[in-house]
Amino acid sequence: MTSADDRTPRSPASPPEAGPADLQAFAVELRRMNGEINRMTHGFAAHQQLHPTDVSALAAILDAPSPLTPGALREHLGLTSGAVTACLDRLERAGHVRRARESADRRVVHVHYEPSARTAARDYFMPLAEATARARARFSETELATVLRFLAAMNEELAGLPPARR
């Protein structure tokens with residue numbers, strides 16, 4: 001016989017009962033966080049009348065240590081050259097990026113994130129920044145350093161995986 005507790009569905013907010021190193025618990029929490037970030041990203045895309053892939057391109061451009069070329073963006077996003085060109089055309093028309101030929105080789109194009117677009121993104125994603133600050137406040141600096149190391153290691157591992165098979 002099962003108790004009422006056994007029949008109570010687990011809410012999405014309650015992680016499975018497990019130790020901190022349980023792989024299933026990590027998988028659940030990472031999927032949940034990915035889903036929540038995707039929800040916000042899709043909302044921003046709709047708000048800006050963009051495709052979600054355009055927002056992924058914006059994030060890549062913003063996070064790059066130096067201006068990206070369309071080829072580097074194509075490689076990062078795993079898209080075709082034509083798809084990246086269409087994406088950059090949409091982003092440029094919407095005022096989010098500009099393309100510039102800044103080197104002696106006029107064939108080389110760099111993509112820059114426009115300052116006005118940064119303001120729009122900052123305003124839209126402010127609740128995410130505030131939620132991050134609230135979550136961070138629950139942890140010590142040592143714990144946060146460990147979390148950051150884990151996230152960096154996880155991203156490194158994910159970057160090394162082959163693309164999804166069709």
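This chain uses plain numbering: 1 for the first residue, then up along the sequence.
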Shared hydrophobic cluster, Met154 / Ile37 (ILVMFWY, side-chain heavy atoms < 4.5 Å): yes

Euclidean distance, Tyr113 OH relative to Leu68 CG, rounded to 0.5 Å: 12.5 Å

Asp123 to Pro127 - nearest heavy-atom pair and separation: O-CD, 4.2 Å

Pair listing, side-chain hydrogen bond (donor to acceptor under 3.5 Å, both in side chains) test, anchored in residues 69-89, at least two apart: Asp89-Arg99

Interatomic spacing from CZ in Arg136 to CD in Glu141 - rounded to 0.5 Å: 6.0 Å

Note, Leu144 side chain near Leu148 side chain (heavy atom, < 4.5 Å): no

Distance in Å, Gln24 CD paired with Glu29 CD, rounded so as to fall on 0.5 Å steps: 10.5 Å

Leu73 and Leu88: CA distance, side-chain angles, deciding distance, side chain to side chain contact (heavy atoms under 4.5 Å, CB included) verdict: CA-CA 10 Å; Leu73 186 59; Leu88 290 174; 3.8 Å; yes

N/O donor-acceptor pair under 3.5 Å between Asn34 side chain and Leu30 backbone: no

SG-CD distance between Cys87 and Glu92, expressed to the nearest 0.5 angstrom: 11.0 Å

Any pair counted as ring pair (Phe, Tyr, Trp, His ring centres under 6.0 Å), so long as it reaches residues 121-154, sequence neighbours left out: Phe26-Phe150, Phe44-Tyr124, Phe44-Phe125, His47-Tyr124

Arg122 side chain reached by Met126 side chain, heavy atoms, under 4.5 Å: yes

CD/Glu130: more than 12 non-hydrogen atoms of other groups inside 6.0 Å: yes

Heavy-atom side-chain contact between His96 and Leu50 under 4.5 Å: yes

Distance in Å, Glu114 CD paired with Leu58 CG, rounded so as to fall on 0.5 Å steps: 11.0 Å

In one Ile/Leu/Val/Met/Phe/Trp/Tyr side-chain cluster, 4.5 Å: Val109, Ile61: no

Nearest-0.5 Å distance that lies between atom NE2 in His51 and atom NE2 in His42: 8.5 Å

Connected via hydrophobic side-chain network under 4.5 Å: Met33 and Val147: yes

Nearest atoms (heavy-atom pairs only) where Pro67 meets His112: CG-CE1, 3.3 Å

Residues in salt bridge (Lys or Arg N to Asp or Glu O under 4.0 Å) contact with Arg90, at least two apart in sequence or another chain: Asp54

Shared hydrophobic cluster, Leu91 / Leu62 (ILVMFWY, side-chain heavy atoms < 4.5 Å): yes

